Amino acid sequence: MKTPSRGFSAACILLCVSALTVQTVTAQPLRELAAKRGVLYGAAVGAAFWKPDSSYRDLLARECNVIVAENEMKFDLIEPERGRFNWTRADDLVAFAERNGMKVRGHNLVWHAQSDWASKLNAGRDEMIAVMRAHILAVAGRYRGKILEWDVVNEAIDDGDDYLRDTFWRKAIGDDYIDLAFKFAHEADPHALLFYNDYGGEGMNTKSDKIYRLVKDMLARGVPLHGVGIQCHFVAGEIDTAGIDTNIKRLAALGLKVSVTELDIRLKLPADGAMLARQGEEYRALMNVFLKNPTCCTAFLTWGITDTYSWIPQFFKGYGAALPFDENNALKPAGKGLRDALSAAVPDGK
Ligand code: XIL
C-alpha cells in the first residue's frame, strides 16, 4: 500500500511543479520577453492612470518597458493657455516610468488637433513660429534627457489628393513649419530621437509614399529627424503585413528608425472567439514583422493596454476589444500573439 501511495504523492509533486513551471512561463510579462529580444513593448497611458484603482498602474508596471501619455503631453493639455503650463500629470508619468525602469515616448509637440487656443490665434508667420518654439523649448526642454523618442510632428500628411495637410500651423507658417519643429525639438533635447508620426501609411500606399517623400526630403535638407512612427490603428482583417514589412525596409534604407506607436486592432462588437483568435494572429504577425527588422525597430506600443480603457468604442461606434488585455487585465489571444512572437525561436539572426 505504501509504495503506490508514495508513487502517487511523487507524481502529484511532479505535476504541481510542472504546473507551476507552466504558470511561470505563461505569466512572464511582455516587457521581460521584449527585453530578451532587445526591444521595448509598451502602451499609451490613459486618464485612468489617475483614478484611485491601482490595478491599471500595476498592469502597466508589470507589462511595459516603455510608456507614452495618451493625452497628457499634447499641446492643449500641457499648455492650456499661452505661456501657462500644466506639468502635473506629465511629470507624474515620467516619474512613474523612472521608478519602474521604463522608457518614455513623448507624444506630441506639433499637431492640428488638441491645440485649441493656438489654432484660433490667427497670428502671422513670425508669431506662430514664436508660439511653436516657446512650446517646444518648454515641453521638450523640461523632459530633456528623459524621453527616448519624441513625436515632433503628428499627422502632417493630407489624406486626399494634396501632399501636406493644410493645418493651422502650415497656413500661418508655411510648409517649413515641419522642419522648424524638428530644429526646435533638437535644440530643446539633443538626446531624444525625433520622429514623424502618422496613420494610414503603415503599408505601401499613396499615403506612405507621401510620408516617404517627406522624410527623405527632410533628411536631404539636414533636418534632425531620426524616425517614423507608424501608428497602426487597424481594423481586424484589413492588415497588409507584407506591405508594412516593405515600407519599414524602405524607411530603414534611409537610415531611419521605425516605431509602432499606437497599435490597436478593432473588432466589430460583439466579438466572438473566432474573431479574437484571428486578431491574436494579426498581433503575432505584426510583432514578427517588427522583430524581422531589428536594425530599425525597437519600440512597439499599443494605444492602451486593456479593453477597459481604449479610445476605440468612443471614436469608432460599434467597435472595440482592440487591445492585448481584457477587462480583467488578463491576456487575450491578442496579447498571447505578442507573447508568442516575442518568445518564439529567433528569426533572421536576431
Ligand atoms: C486620441 C486619444 O486616444 C483620445 O483620448 C483623444 O480624445 C483623441 O486622441 N492618433 C494620435 C493620437 O496620434 O494622439 C490619438 O489619440 C489617436 C489617433
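Whatever order the structure lists them in is the order used to number ligands and atoms, beginning at 1. Keep in mind it's a predicted model, so treat the numbers as computed, not measured.
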Exercise. When you look for protein heavy atoms under 4.0 Å from ligand 1, which residues do they belong to?
Worked result: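 Residues within 4.0 Å of ligand 1: Glu70, Asn71, Lys74, His107, Trp111, Gln114, Asn154, Glu155, Gln231, His233, Glu262, Trp303, Trp311, Phe315.
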
Exercise. Got Leu109 and Asp151 here, is their nearest side-chain heavy-atom distance under 4.5 Å?
Worked result: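 Contact flag for Leu109/Asp151 side chains = no.
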
Exercise. Hey, are the side chains of Tyr309 and Val45 touching, using non-hydrogen atoms and a 4.5 Å cut-off?
Worked result: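 No, every pair of side-chain atoms sits at 4.5 Å or beyond.
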
For this session: List in chain and number order the residues that pass side-chain contact (heavy atoms from CB on, under 4.5 Å) with Glu282, two or more places apart in sequence or in another chain; answer none if no residue qualifies.
Result: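 Counting only residues at least two positions away or on another chain, Glu282 forms a side-chain contact (heavy atoms from CB on, under 4.5 Å) with Ala236, Ile239, Ile265.
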
Exercise. Would Thr302 and Tyr41 count as a side chain to side chain donor-acceptor pair (under 3.5 Å) if you check the C-alpha gap in whole Å, the side-chain angles of each, and the deciding distance to 0.1 Å?
Worked result: CA-CA 8 Å; Thr302 47; Tyr41 165 72; 2.8 Å; yes

Problem set entry | Selection residues 270-297 - residue pairs positive for ring pair (Phe, Tyr, Trp, His ring centres under 6.0 Å), sequence neighbours left out |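 Of all non-adjacent pairs touching residues 270-297, those that pass ring pair (Phe, Tyr, Trp, His ring centres under 6.0 Å) are Phe290-Phe300.
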
Mind listing the side-chain donor-acceptor pairs of residues 324-331 below 3.5 Å, one per line with the distance, residues two or more places apart or on another chain?
{"unit_1": "Asp326", "atom_1": "OD1", "unit_2": "Asn328", "atom_2": "N", "d": "2.8"}
{"unit_1": "Asp326", "atom_1": "OD1", "unit_2": "Asn329", "atom_2": "N", "d": "3.2"}
{"unit_1": "Asp326", "atom_1": "OD1", "unit_2": "Ala330", "atom_2": "N", "d": "2.9"}

